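Reading through the structure tokens given below for one structure.
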Amino acid sequence: MSAAATKVAVVYGTRPEAIKVAPLIAALEDDERFDATAVVTGQHREMLDQVNSLFEIVPRYDLDLMRPGQSLNSIVARAIDGVDDVMLIERPDLVVVQGDTSTAMAAGLAAFNRGIKVVHLEAGLRTGDLDSPFPEEANRRLLSQVSRLHLAPTAHAAENLLREGVDPDRVRVTGNTVIDALLTASRWVRPSDDPALDALLTEGRPIILATAHRRENQGDAMAAIGSALADIALARPDVTILLPLHRNPVVRDAVIPRVEHLQNVAVTAPLSYADFTKAMAAAKLVLTDSGGVQEEAPSLGKPVLVMRDNTERPEALAAGTVRLVGANRARIVAETLRLLDDPRAYAEMANTANPYGDGLASRRAVAAMAELVGTGKREADFVPA
Ligand code: UD1
Ligand code: UDP
């Protein structure tokens, strides 16, 4: 690193942010123009630590904020306060935040209020519905107001920003760093953390990989998701449902009682990213309300049924690999059975598509940051193959 290196604090707090900033932190560390510092709020604990340890990231600051059943306001308030303290010590030139979590929004606002330039990674995603996903749609829009550089993963996301009046010169299309992470994970050769998982993934039964956690799905919708999984397991005893469930007790309490008596439903703790990507590759299809999984599964050629009413990721819908089924018990069951029983329906969705990235998003993000601070020139935007 040179004496005049640009100081960058990368602030994150949850599992998906960690997965998506890990390749960027590595790229910044490899670039002499930057001096990168990893700052975690600890909005998540075990699920965050799992990713940091896998990617061998040791944050310089850990605010250790997670509390069981934390409210949105408590995490936002404590994150603003904690990130502010770190900025007063570190005095970074740039603060990078990722996506749309409470951590991202709080850190972006805290940096803005201190006059520090905010770089928003994965900018421009929109559903157009302020209530869904909640509160993420609001967090994204708020971040777009305080950011100086908007790193849009796709041309569609960039268009959303331009339509809202963001200066085109502040928007760069990089691809999504989640694909960089996924390609890194595909090169890891290691046994699963749990030998039973390796056995399950190789025993030859069709696997449905399922995850659920969204706040707007908590309550009746989460119960409907649990019941749908039970219906599928009962209807198809030849199939295994692998359900690595989020640690949120609200999610676990709604889903586990509905499936725990079923022999062909394997409920596990959240899997390490290494194991989860292996499970995605082994699965026949994926049921999820996750954002990141919607981006990863298409590049592995896996059909995804999204248990939400809308998505901010329309590219995979257009590519035909993703379908919205809502948190609707009957629809989840019907669409899953159709994919299991109708080879033509399955083949229509199981094509490999890479609308979200080519593995070079972090490099483009670093280039755009260099351009912003005057140490680099403009590079070409990401265009899907
Ligand atoms: C958060 C993000 C959401 C993201 C999700 C990724 C917000 C508003 N939401 O939602 O956008 O999709 O992370 O998973 O920022 N918990 C643990 N251990 C952990 C993590 C969570 O016990 O490692 C439990 C705690 O009781 C915690 C609860 O889960 O209070 C909820 O965590 P929180 O970060 O508030 O919300 P998520 O639903 O995880
Ligand atoms: N993931 C993981 N282990 C799991 C479930 C998911 O590593 O048990 C990864 C997944 O590959 C994706 C990310 O976590 O990259 C998605 O996180 P999550 O669904 O919690 O949040 P979202 O993407 O919806 O914000």
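Counting convention: from 1, in listed order, for ligands and their atoms alike. Numbers here simply count residues along the sequence, with the first being 1. None of the values given here were measured: they were computed from a predicted structure.
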Side-chain donor-acceptor contacts of residues 220-232 below 3.5 Å, not counting sequence neighbours, with atom names and distances?
unit_1, atom_1, unit_2, atom_2, d
Ser227, OG, Ala223, O, 3.1
Ser227, OG, Arg258, NE, 3.3
Asp231, OD1, Arg329, NH2, 3.0
Asp231, OD2, Arg329, NE, 2.7
Asp231, OD2, Arg329, NH2, 3.4

Quick check on side chain to side chain contact (heavy atoms under 4.5 Å, CB included): which of Leu125, Ile179, Val178 does Pro153 satisfy it with?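 The option that passes is Leu125.
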Testing Thr103, Thr41, Val40, Asp81 for side chain to side chain contact (heavy atoms under 4.5 Å, CB included) with Leu65, which one passes? Thr41
Which residue supplies the protein heavy atom nearest to [atom], what is that atom called, and how far is it?
| atom | result |
| --- | --- |
| atom 24 (O) of ligand 2 | Gly291 N, 2.8 Å |
| atom 19 (O) of ligand 2 | Ser290 OG, 2.8 Å |
| atom 13 (C) of ligand 2 | Ile19 CD1, 3.7 Å |

Salt bridge (charged side-chain N to carboxylate O under 4.0 Å, His left out) partners of residues 189-203, not counting sequence neighbours, each pair once: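 Listed by first then second residue: Asp198-Lys278, Glu203-Arg205.
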Would you mind telling me if ligand 2 is within reach of the side chain of Phe276, the backbone, both or neither, using heavy atoms under 4.0 Å? side chain
Hey, is Gln50 touching ligand 2 through its side chain, its backbone, both or neither, going by heavy atoms under 4.0 Å? neither
Do Glu17 side-chain atoms and Gly13 backbone N/O form a donor-acceptor pair below 3.5 Å?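 Answer holds: yes.
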[X]-ligand 2 polar pair, N/O distance under 3.5 Å:
| X | result |
| --- | --- |
| Thr211 | no |
| Leu271 | yes |
| Arg15 | yes |
| Arg214 | yes |

Classify the side-chain pair Thr288/Thr211 by whether it contains a donor and acceptor separated by less than 3.5 Å. yes
Who are the residue neighbours of ligand 1 when the rule is a heavy atom under 4.0 Å from any of its atoms?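 Within 4.0 Å of ligand 1, the protein residues are Thr14, Pro16, Gln43, His44, Arg45, Glu46, Met47, Met66, Arg67, Pro68, Gly69, Gln70, Leu72, Thr101, Ser102, Pro135, Glu136, His213, Arg214, Arg215, His246, Arg247, Asn248, Pro249.
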Run down the list Ala210, Ala297, Gly292, Ala269 and name the one with the heavy atom closest to atom 23 (O) of ligand 2. Gly292
Drop me the distance from Glu348's CD to Arg323's CZ, to the nearest 0.5 angstrom. 7.5 Å
Counterpart residues, ring-ring contact (aromatic ring centres under 6.0 Å, His included), relative to His156 (two or more places apart): none
Atom CZ of Phe134 with >12 non-hydrogen neighbours under 6.0 angstrom: no
